[in-house]
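Below: one structure, written as structure tokens.
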Protein chains: 2
Amino acid sequence: MSITKHKNSPRIRRTPEESRANILSAAEDLLVEQGPQSLRLADVAKRAGVANATVLHHFGSIDAVQQALMERMIADLVENILSVEIPADAPLEVRTAGLKTLFDAFETRGAARLAAWLELTDETSRLTVVREVVQEVAQKKMGNAGVPADVAEDIILLSVTLAVGVGLFGPTLGRLIGKPPERARELTLQMLMGYLEGLSG
Amino acid sequence: MSITKHKNSPRIRRTPEESRANILSAAEDLLVEQGPQSLRLADVAKRAGVANATVLHHFGSIDAVQQALMERMIADLVENILSVEIPADAPLEVRTAGLKTLFDAFETRGAARLAAWLELTDETSRLTVVREVVQEVAQKKMGNAGVPADVAEDIILLSVTLAVGVGLFGPTLGRLIGKPPERARELTLQMLMGYLEGLSG
DNA sequence: GAGGTTACTGACAAAAATGTCAATAACGAA
DNA sequence: TTCGTTATTGACATTTTTGTCAGTAACCTC
């Protein structure tokens, strides 16, 4: 009956891990470029260059894709934050470098959008790892510089919260009022660094 | 053929304005409580206590509902911000009061979620009014206190950006690391007020 | 090569969400 | 009271999105 004779482009056969990574990367691009509402099955599959059914083969549902993306982005963010090495000396420059890494992650690497996405979809329970990470950074890295643990946690809470605001809305609001998009970050970092100097000085 | 005899609860007939407001309020509740992905036709209609077709009668499409909600929330926010009166004297307490109003709007009145929603859906072009509002506040209200216009605009840019971060993510992040949910706001306001004192002092 | 495993796919089915329409019923005006 | 307007609605139609399945083809082992 049905004659199958299609000259389709040859299939790409990846390992399951590669295929999942390919799909998640496509989804991440869509999230950053067009927002969470663009994370539809057909859109993700098209962006990844595979058939819809391939996405479902690897993840089971489009919901599972979104959840896996959340997990991967959280893991990437944590790894990125923890990669900042803070020696016990040179406190000022080190703080500067650490803050810049933090703000960069939230602005250019989509972490602010991830945070907003998690918050708006009520998925912040996925962030329980954050508690351990914050405690680790507060104790091991900032503790070495002589900062008490609870003060260090306050500093992290403050810095991350501000980084979310700056990364998510700073460029847009800056442009809206006729300032360069990086102006909000400049102002925030200047204020934050001054504040931290005042604490330790 | 078809016999229609339903003992439904009596209809509520509103003016078009009332009906639109009722539907938008329901949508706003859903947005704040469950996020933008809950702004579905059936969900909004159910929350508003009307039939799906009623929503479409007044707005034409669910997309138009979302856009009208954006406009209404932006207008409410602007009105709320502009309602803060800043006399020319008593600079310190006035700043405090103004900042608290701002942070309160972004935290408890859903403005931070509105900002995140607009940003994630690429609808920030709706915020062009913001430019005028910022300029008005910078000139009329802060100008009275002797603050140069461009400095005033920087202060507003900084304050609003931080308010978004604090309002959106402060409570969640605070709870995550075992601190009270208002801790991020406390820290931010303390830092911001100190910074502003340093500018004028 | 031959054969087995399984990533991959198109065609199809199912479900979910949006939108249409004719009929109904509040409400005000004549 | 009667009548006209129109906000409201259930039933239905359409579109969009998700998910199923059997067949295909790439890759590996023997």
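Chain letters run A, B, ... following the sequence lines, proteins first and then strands; every chain starts at 1.
Atom C1' of nucleotide D/dT15 and atom CG of B/D63 are separated by 14 Å, given to the nearest angstrom. Regarding A/N22, its CG atom lies at a distance of 15 Å from the P atom of C/dA7, rounded to whole Å. One interatomic measurement links the two molecules: CZ of A/R20 to C1' of C/dT6, which rounds to 16 Å at whole-angstrom precision. Here D/dA7 presents its C1' atom at 12 Å from CD of B/E17, a figure rounded to the nearest Å. A/I23 places its CD1 atom 14 Å from the P atom of D/dT18, with the value rounded to the nearest Å. Between B/L56 atom CG and D/dC12 atom C1' there is a gap of 14 Å when expressed in whole angstrom units. Look at CG on A/L41: it is 11 Å from P on D/dT20, rounded to the nearest Å. C/dC27 atom C1' lies 13 Å from atom CD of B/E18, rounded to whole Å.
Using a 4.0 Å heavy-atom cutoff across all strands shown, B/I62 reaches sugar-phosphate atoms only and no base atom. The residue B/T15 sits apart from the nucleic acid: no heavy atom pair falls under 4.0 Å.
Comparing B/T54 and A/D43 by the nucleotide of DNA chain D whose heavy atom lies nearest to each, the residue mapping closer to the 5' end is B/T54.
Between the side chain of B/R11 and the base of C/dT24, at least one donor-acceptor pair of N or O atoms lies under 3.5 Å.
With D/dT5, D/dT9, C/dT18 as the candidates, the nucleotide lying closest to the side chain of B/R13 is D/dT5. Set against D/dA26, D/dT8, D/dG19, the side chain of B/H58 has D/dT8 as its closest nucleotide. When each of D/dG19, C/dA7, D/dT9 is scored by its nearest atom to the side-chain atoms of B/A53, the top-ranked nucleotide is D/dT9. When distances are taken from the side chain of B/S61 to each of D/dA26, C/dT9, C/dG19, the shortest belongs to C/dG19. Considering only the side chain of A/R40, D/dT18 comes nearest among D/dT9, C/dG10, D/dT18. Among C/dT18, D/dT18, D/dT20, the nucleotide with an atom closest to any side-chain atom of A/N52 is D/dT18.
Contact annotation: A/H57 side-chain N/O to C/dC8 OP1/OP2 distance is not under 4.0 Å. OP1 or OP2 of D/dA7 has not a single side-chain nitrogen or oxygen of B/R14 nearer than 4.0 Å.
A donor-acceptor contact shorter than 3.5 Å links the side chain of A/K141 to the backbone of A/V84.
The only member of B/R47, B/R72, B/R113 that meets salt bridge (Lys or Arg N to Asp or Glu O under 4.0 Å) when paired with B/E28 is B/R72.
Side-chain atoms of A/D43 and A/Q34, non-hydrogen and from C-beta on, never get closer than 4.5 Å to each other. Within the 4.5 Å cutoff, the side chain of A/R185 has no heavy atoms near those of the A/P180 side chain.
Taking OG1 of A/T101 as the start and CZ of A/R109 as the end, the distance is 10.0 Å to the nearest 0.5 Å.
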